[in-house]
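A short write-up of the structure that comes next.
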Amino acid sequence: TKQQQSSQSNNTTQNAKNKDFKVGLVTDVGGINDHSFNQLAYQGLEKAKSELGVTANFIQSKQQTDYVTNLTQFAQQKYNLVIAVGFLMKDAVEQVSKEFPDTKFLIIDSDITDRPNVASATFKTEQCGYLVGVMAGLMEKEKNSKLNDQNVVGVVGGMQIPPVDSYIAGFQQGVKAVNPDTKVLVSYTGNFNDPASGKQMALTQISQGADIVFHVAGQTGDGVINAAKEKNVYAIGVDADQNYMAPDTVMTSALKKVDVATFETIKNALNNNFKSGLVYFDLANDGVGYAKPIKDVPQSIIDKVNEYANKIKDGTIKVSDQVQK
Amino acid sequence: MKEILLNPQLWSATLAMATPLALPALGGTFSERSGVVNIAMEGIMLIAAFFAVLFAHLTGSAWLGLLGAVIVGMIVAVIFAWAAVTLTADQVILGMAINIFASGFTAYLLNTIFGFSGTPTDTPMLPNIDIPIIKNIPFIGQILSGNSVIVYLMIILIFASDYFLFHTNLGLRIRAVGENPEAAETAGINVIKLRYLGVALSGLFSAIGGAYLSIGLLNSFSTDMSSGRGYIALAAMIFGKWTPFGSFGAALLFGFATALSMQLQNSALSKNIIMMLPYILTVLALVGVGGKSVPPAADGVPYTPKK
Amino acid sequence: MSKVLKSIYMPILAVVIAIIIGSIIMLATGFNPVAAYASLFIGAFGTLPNIANTLANAVPLIITGLGVAIAFNAGLFNIGAEGQYWIGAIVGTWIGYSFKGLPWYIHIPLALIAAMIAGGLWGGIIPGFAKAYTGAHEVITTMMMSYVAIYFSHYLLEFGPMMEKGSVPQSPLIRDSAVIPTIVPNTQLSYGIVIALVAALFVYWLMYKTVWGYEMRAVGFNQRASKYAGMNVPFNIVLSLSLSGIFAGLAGAVQILGVQHRLYDSFTSGYGYTAIVVALLAKNNPIGVVFSALLFAALGTGSQYMQLNAQVPGQLTDVITGLIIFFVAADKIIELFKTMFKKQKKEELAS
Amino acid sequence: MSALLEVKNITKIFPKVRANDGVNLTVEEGEIHAILGENGAGKSTLMNIIYGLYKPDSGELKLSGETLNLSGPHEAIEKGIGMVHQHFMLIPVLTVAENIVLGAEPGGIPYNKKKANELIREISKNYHLEIDPDAKVKDLSVGLQQRVEILKAFYRHAKLLILDEPTAMLTPQETEELFGIMRRLKEQGISIIFISHKLDEVKEISDKVTVMRRGKTVGTLNTKDTNEQELANLMVGREVVLRVDKSEYKPGDVVLSVKDLTVLDEQNIEKVKNVSFEIRSGEIFGLAGIDGNGQTELIEALMGLRQIKSGVIKYQNSDIEKLPTRERYKLGISYIPQDRQQEGLIMKFSIADNLILKEYKDSRYSKNGVIQYKKVFENASKKVEEYDIRPTDYTLLAGNLSGGNQQKIILAREVGSNPKLLIAVQPTRGMDVGAIEYIHKKLLELRDGGSAILLVSLELEEIMSLSDRIGVIHNGVIMDILDGKSATREKIGLLMAGSQIDSKEVEV
Ligand SMILES: Nc1ncnc2c1ncn2[C@@H]1O[C@H](COP(=O)(O)OP(=O)(O)OP(=O)(O)O)[C@@H](O)[C@H]1O
Ligand SMILES: Nc1ncnc2c1ncn2[C@@H]1O[C@H](COP(=O)(O)OP(=O)(O)OP(=O)(O)O)[C@@H](O)[C@H]1O
Ligand SMILES: [Mg+2]
Ligand SMILES: [Mg+2]
């Protein structure tokens, strides 16, 4: 906070003007505690508030029908930029952005292309999924106390939906790229808020030989990480760096920088640089990535992962977002 | 299939998934046996799950976390009892109100106390217990040993509850009050007090179930983590014909179906079809068993003592 | 007369108590209760669009609530209206997008009727027959069937037969000919409200003026006496659970055709559960259902507005909603206060 | 003798009525004190006050000279007051032993079942009240349930026993047994308050009678100094006709003919065995028998509520044994079931709705599936008046009426439709003399109008005074069919107990 204060006092005049710039954020029904994109978007918003001095506000939607109402509320109150989190809000954003052409909108994880006042942030999470997959595939060849001699890894997904599946698809391809014999177990719990079932799902995979489990399951994933810790195997976090949850267990995390996207869009809009249409966040523009691995991961593997990252960036490797059955 | 059935994880997952159903189902048995329909178990579990983490974090002891959860859970149950028994309010509406309240209240406290990134990772967990001798038996040992202490507590509680309900005077009185409160009153029994007791016990068991979710299986709280288990427990209790062993049996069936659906995830079937398994199996079992479940005669009917 | 008065002022006083307790919580956690309640009210009723949205939110609650109330009237607890709602929504959506070239006056009724039939079967065939012939408790069967319905919708949408080509798990949009038009522009209020109100009147008529309703209520109150009076008890159990499902299914379809226009992949709509409270609060009277649904709809829309305009966190609005429901149910607390007050007075006089 | 219980000036006001209005009563030690009064006179209310269930608004209770301030039944029990309630206070799913010891269990934790059974066996031996402590109460006959209620009081060492209409549901034999017990208790110095509507019983068993009318005690008499007529008049406040005046017996065509009927119960045990009989128009056929000898199964079979195993049921010359219940009603059969609250009425329906419970589909009350409430209300206001149902507001729920008036609703519905055949089971159970007089009058009117009536009653007096012919059922077999005029109490009693009186029956 001290830093924030000093940075604030540095640009007080700027801030006075920025204060008139109002940003509203509408979460989807997952709410701000989803340990996923709603939370990250909120963090981006908070960052913009403290660093740019904009006025920021948010509403958590309780049901589907709240989307239109909440977006409209912000637009009516002359918010400059309204952020809609989640592809579930696509229809709502299309409708409200038409009614309020002077308001700018950002929608996360969607693909609205035909509106001058709507930006759609799309994350190439298959790319970061691929990288952690490469890391997992290579780790399978390593030997340490956490790794068994079976060549099996697992992914626990929440619901079987595109933002989840793109991660999983990338992970599958990444593993296979470096270790074609690895068996990749894929399971879904059917929810994002039941860590108890996440834990049992992970334990099931571990019992089937998995010694690295990747989760793409929001709060359900808390249970996956807990299971990995309990069974002394590795976990891979998702969306944000989740190493803090189990420092020796979470070997890395696949990052989807919704916070960055949110912050950048706010900044651009503030500076009259708002770009409508599809905005891709990928490895090339650092919109996705992987978190710093723990020291169990040898440097050689990290180097290899970075090699693959470069190949993806320069287009030599194209990662599909379709899960292999 | 044989491979799946011989995987000890199938059976330990069965036990693990049955525990947070069996505990509230057991609680519900007490409440409904005394004549109060307690749909608030879902909310009580959630609140207890939160306070278990909070107290465990504050005191550094998972046991004190469990104690705190149980106390808070019972307080909520007693408030429910006050409205349902003393004020003779509609029990189902009250239950729903508490569930809505609990969802908001825990999320609110989570955010104000711990912020958005969740509960502290150094929160202590209740221990897993190794059972000597059994633990060395192959297969069986992997299933029956090394579970959370709450699993063993639950098993003890089931036997104790059965004993309490069917072999003690208080148990007899609770059942009498749920069947015919007027008759119980004329036998000199204090109907109101016993209904409070029944509801308080349901709070106690639901709270243990909630604590199991947050500091038994895990060491964290997340929003709405009870995930409807309080409702399914209600079904398990009915399926179990309002008896402790029956409730446990129904919870095990449900836990087994859930565990099986986890094992089947790698099959070619659609995951969403597989996930229907626990629910379909329950209906089939119920219809197949010809499960005529007759609730206690005065279940859900408020009683006003004569004046 | 005094009875009518009592039935009105008790819930109002109860709401007042809930508001006071909510205020205490808000004050304790640093929020301004006056601003909060003001914005709750404005959010629900302050402007025409807000009123429209409140009414719009009431539509699915009214219709589902009617379904739940029918079952309660017949002595059955349909805790699985949520699933029947989903089935109705699925079928309504499917008819809505897959039939081409129908005029609206055929397309809309077709979608609604098909959804009603589907919801009715979902509630009636398995739970109804299981209850009537094996005694299987409807609380279990309807609840389990409800989860099955929700997973079925996931199956259809998540890379299943109903997913829109492209990448997002949602159904295609229904055709224009299936859309129930909006009444107030830029709001979600469609002519679905008319359907809801007509449905309420219809259910009232059905339950209280017709032979069917007479039978279902008789069976609900006393199966033995109904059997002795020559009624077919199993038939009435199936009938009432089917009707219950029919209305929950209708609610799903009306919501799709009037508001959502397509099926989304989601956990629950929540309407099926709220509908239980709606019905109970209305003492299962179909006309009462309209008013209690309005109360919940107002709390819903108002609380969203309250988040933004009084900065009260979304979760706190759930807390207050829970309290309001609690005290409306426990309205005897008023009498408690009254007697306490009287006692105090007596004591004062005595001393 | 000294006064055990003194009731002084007790008043109890319910929202709508003064149920007790300055009641005075003294019960001596070791006496049997009967309380008489019409339905709603306030007898049960007074007893509930003595038992601590209700708090009186004013007045005083004294037990052995000591003022009682009861906070609840548990205190009354402590002081040695026991009560057998008018409506049994039993828990059907529990065992006899559990019901008896409930609230005062031996052992505690664990509840000592063995000790409980022992204690119960001991008491039942002492008082000659045999019972199986492990039986479930729901499986017991009414008489045995009564026994459980009485044992409950003894188990707690009652020195004052209140019996609120204990004989309403008993067979004559059971009543006699009960009286035997009461006499033994009296010898042991236990005082008994005995409530009954049956004057002969009061006359037989009591030492003193207190009569109540409209919440007030109108007098206490020594039983031996009074007679039934005086008591009846005092109770009702007017001259009452105690004898039934019956017109001549003029039987017509056969209306109901039952041949070789065999019916099973839920456990597949034959409860009705090869029963045959006929009922003609213009006659009342009485079916006498001890409760549980197949009457229920027989009647349910006649009404289509229970499947038959074999046999023929002919109604007006056509077979009806396959017809569903409703079709039988449509043919002009009426039915007054035994349990008015559970079988005869929907307690949460209004009086008006209950009055059409069997005819709501009839074109008189509904058109195209829509009930014509105007017609329904017309019917209700007519019936309420004609059958003197009180209160007269037919929109009230049936559950808000007293038992007597509830029975009148059923009577209005079943007799009012002018049936060709009426099956009446225990139509006057628990009614006061005034109401019984009324119901009997209605039944006889129906008979004189040419209807056939099957009257099932445990009340021998009722059977004998009304029936033209009497069939006696024992263990599922009709032992004999007697002529109503010549049948004697003894003869019927013996048949009911299962003994053949003459060889005639055996030959047939
Ligand atoms: N709980 C109650 N609330 C209101 N009124 C009551 C209640 N109990 C009894 N009454 C009324 O008090 C009066 C006396 O009833 P009570 O049951 O004492 O009559 P009773 O003499 O026992 O009649 P019966 O012979 O039918 O048993 C009746 O008018 C009855 O309506
Ligand atoms: N809890 C109650 N609240 C209000 N009124 C009651 C209550 N209980 C009984 N009553 C009233 O008491 C009256 C008599 O009820 P009760 O059950 O004592 O009848 P009863 O004594 O069995 O009548 P009967 O002797 O005619 O069979 C009815 O009018 C009923 O309205
Ligand atoms: Mg009485
Ligand atoms: Mg009475």
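Excluded from the calculations below are hydrogen atoms, water molecules and symmetry mates; all remaining heavy atoms, backbone and side chain alike, are included. Convention: sequence-line order gives letters A, B, ...; per-chain numbering from 1.
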Margin query: Tell me whether the rings of B:F30 and B:F164 are parallel (<30°), tilted (30 to 60°) or perpendicular (>60°).
Written below: tilted
Note to self: Between D:L90, D:I49, D:L53, D:N48, who has the most heavy-atom pairs with chain B when the cutoff is under 4.5 Å?
What the structure shows: D:L53
Check: Looking only at heavy atoms, which of residues 178-186 of chain B get nearer than 4.5 Å to chain D?
Finding: B:E179, B:N180, B:E182, B:A183, B:A184, B:E185, B:T186
Note to self: Can you tell me which portion of D:K55 sits under 4.5 Å from chain B's heavy atoms? Options are side chain, backbone, both or neither.
What the structure shows: both
Checklist line | Check: B:D299 and B:W242 side chains under 4.5 Å, non-hydrogen atoms | finding: yes
Notebook entry, point to check: Distance-only, no hydrogens or angles: does the B:S34 side chain make a donor-acceptor pair with backbone N or O of B:S31 under 3.5 Å?
Noted result: yes
Next item on the list: Look at the side chain of D:N117 and the backbone N and O of D:D134, then say whether any donor-acceptor pair between them is shorter than 3.5 Å.
Entry: no
Check: Do D:P56 and D:N20 have side chains that get closer than 4.5 Å, going by heavy atoms?
Finding: no
Next item on the list: Answer yes or no: is there a donor N or O on one side and an acceptor on the other, between the side chain of D:T11 and the main chain of D:G22, under 3.5 Å?
Entry: yes
Check: When you check the gap from the basic side-chain N to the acidic O, do D:E122 and D:K115 get nearer than 4.0 Å?
Finding: no
Next item on the list: Check for a donor-acceptor pair, side chain of B:S247 on one end and backbone N or O of B:G240 on the other, with a separation under 3.5 Å.
Entry: no
Note to self: Testing D:I81, D:L25, D:L68 one by one against D:L61 for a side-chain contact (heavy atoms from CB on, under 4.5 Å), which residue passes?
What the structure shows: D:L68
Margin query: If we ignore hydrogens and angles and just use 3.5 Å, is the side chain of D:Q406 paired with the main-chain N or O of D:L401 as donor and acceptor?
Written below: yes
Checklist line | Residue part contacting chain B, namely of D:A104, when any heavy atom lies under 4.5 Å | finding: backbone
Note to self: If I measure from the heavy atoms of chain D, does B:Y163 come under 4.5 Å with its side chain, its backbone, both, or neither?
What the structure shows: side chain
Notebook entry, point to check: Within the distance-only criterion (no hydrogens, no angle test), does the side chain of B:Q91 pair as donor or acceptor with the backbone N or O of B:V37 below 3.5 angstrom?
Noted result: yes
Notebook entry, point to check: What parts of residues 187-203 of chain B touch chain D if we use heavy atoms and a cut-off under 4.5 Å?
Noted result: B:A187, B:G188, B:I189
